[in-house]
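One structure is given below, encoded as structure tokens.
These figures come from a predicted structure and were not determined experimentally.
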Protein chains: 2
Amino acid sequence: MKELVSRCPIEEVMQVLSGRWPTLLLYYLKDGTKRFSDLRRDNPTVSHKMLTQELRKLEKAGIVQRTTFEGYPLRVEYDLTPAGLGLVPLIDALGDWWEETEDARLGTGRLIERAVQAST
Amino acid sequence: MKELVSRCPIEEVMQVLSGRWPTLLLYYLKDGTKRFSDLRRDNPTVSHKMLTQELRKLEKAGIVQRTTFEGYPLRVEYDLTPAGLGLVPLIDALGDWWEETEDARLGTGRLIERAVQAST
DNA sequence: AGTAAATTACGCACCTTTTCGTAACCAGGA
DNA sequence: TCCTGGTTACGAAAAGGTGCGTAATTTACT
């Protein structure tokens with residue numbers, strides 16, 4: 001999803017939040033400052049390439065704050081920005097919706113044969 | 001994003017909503033019933049294949065209702081399920097958040113050099 | 001004292017996997 | 001034969017994983 005096909009804000013947010021990692025990172029970061037290596041430990045299946053790439057995407061979007069410290073070994077800290085913090089409850093709401101509607105979504109509806117009508 | 005790495009509902013929703021089309025389709029469908037060809041017209045950049053694929057994904061997730069009518073020419077209608085309708089305001093909220101926080105996200109924060117401290 | 005190794009957060013190149021568009025084909029009744 | 005909605009095969013392009021290189025300092029060993 002490189003380019004946008006509409007100029008609506010929703011497509012823009014989704015461009016940033018799409019994929020496996022953005023929301024997961026949001027969740028690890030909402031508990032406070034994390035270093036790069038912390039995030040890798042938290043989720044052992046991210047490759048370092050993906051992790052840097054996604055963190056930079058979130059940073060560019062203003063959701064994540066990246067702070068580097070001089071000295072060695074290198075140290076870089078990641079936090080949510082205030083805006084990023086405000087995003088958390090919205091993502092939570094999506095998760096809640098998913099759980100709450102599980103029965104409705106996967107319930108009887110799937111099994112019922114849809115009305116088959118003659119087109120007039 | 002074929003497989004899930006966590007069992008959290010958020011990753012599950014994002015698996016369904018990720019990408020360019022799911023939220024766009026949600027938006028075209030929230031105005032009421034649409035046929036396959038309507039949706040293609042609404043968004044001329046979706047390929048035939050992508051459209052069916054995404055619609056089926058949404059159908060499987062219980063967000064979209066697919067109804068076929070017998071008679072010719074063939075007719076298939078797509079609607080949001082009640083659950084799908086409930087999703088719309090949540091996506092709206094994301095879009096609003098994106099717009100509202102634009103200044104905060106892209107504002108001065110980006111330009112400020114971060115604190116650079118000597119590691120003790 | 002002097003050398004070697006480890007440390008952290010990456011960037012880069014290479015290669016595999018996944019995704020997506022194109023295009024052709026299908027069904028089945030008017 | 002045309003229409004709509006859909007499937008399939010193929011190939012190109014994009015996404016993503018692996019491993020190597022690197023910085024400058026500390027620690028570890030001899």
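Taking atom CG of A:Leu55 as the reference point, atom P of C:dG11 lies 11 Å away to the nearest angstrom. One can place CE of A:Met1 at 13 Å from C1' of D:dA14, the figure rounded to the nearest angstrom. C:dA9 atom C1' lies 14 Å from atom CZ of A:Phe69, rounded to whole Å. Between the NZ atom of A:Lys49 and the C1' atom of D:dA15 there is a distance of 7 Å, rounded to whole Å. Atom CG in A:Leu51 sits about 13 Å away from atom C1' in C:dT8, given to the nearest Å. Straight-line distance from the CG atom of B:Leu74 to the C1' atom of D:dT4: 5 Å, rounded to whole Å. Atom pair A:Arg20:CZ and C:dT17:C1' shows a separation of 13 Å (rounding to whole Å applied). Put simply, CE on B:Met50 is 13 Å from C1' on D:dA13, counting in whole angstrom units.
Taking only side-chain nitrogens and oxygens, B:Ser37 comes nearer than 4.0 Å to OP1 or OP2 of D:dG5. Between A:Arg66 and C:dC10 there is a side-chain N or O to OP1 or OP2 distance below 4.0 Å. Under 4.0 angstrom from either OP1 or OP2 of D:dA24 there lies no side-chain N or O belonging to A:Arg75. Contact between the side-chain N/O atoms of A:Tyr78 and the OP1/OP2 oxygens of C:dC10 is found at a separation under 4.0 Å. A sub-4.0 Å separation between OP1 or OP2 of D:dT4 and a side-chain N or O of B:Arg35 is absent. Between B:Arg56 and D:dG6, a side-chain N or O to OP1/OP2 separation shorter than 4.0 Å is present.
Residue A:His48 places a side-chain atom within donor-acceptor reach of the base of D:dG19, judged by atom type and a 3.5 Å distance cut-off alone.
Distance check, rounded to the nearest 0.5 Å: OG1 of A:Thr81 to CD of A:Glu59 gives 10.5 Å. The CG atom of A:Leu55 lies 11.5 Å from the CD1 atom of A:Ile63; values are rounded to the nearest 0.5 Å.
B:Thr33 contributes no side-chain N or O that, together with a main-chain N or O of B:Asp79, makes up a donor-acceptor pair within less than 3.5 Å. Between the side chain of B:Glu11 and the main chain of A:Leu24, no donor-acceptor pair closer than 3.5 Å is present.
Below 30°, between 30° and 60°, or above 60°: for A:Tyr78 and A:Phe36 the angle between ring planes is between 30° and 60°, a tilted geometry.
Considering only side-chain atoms of A:Pro73, the nucleotide from C:dT7, D:dG6, C:dC20 that sits closest is C:dT7.
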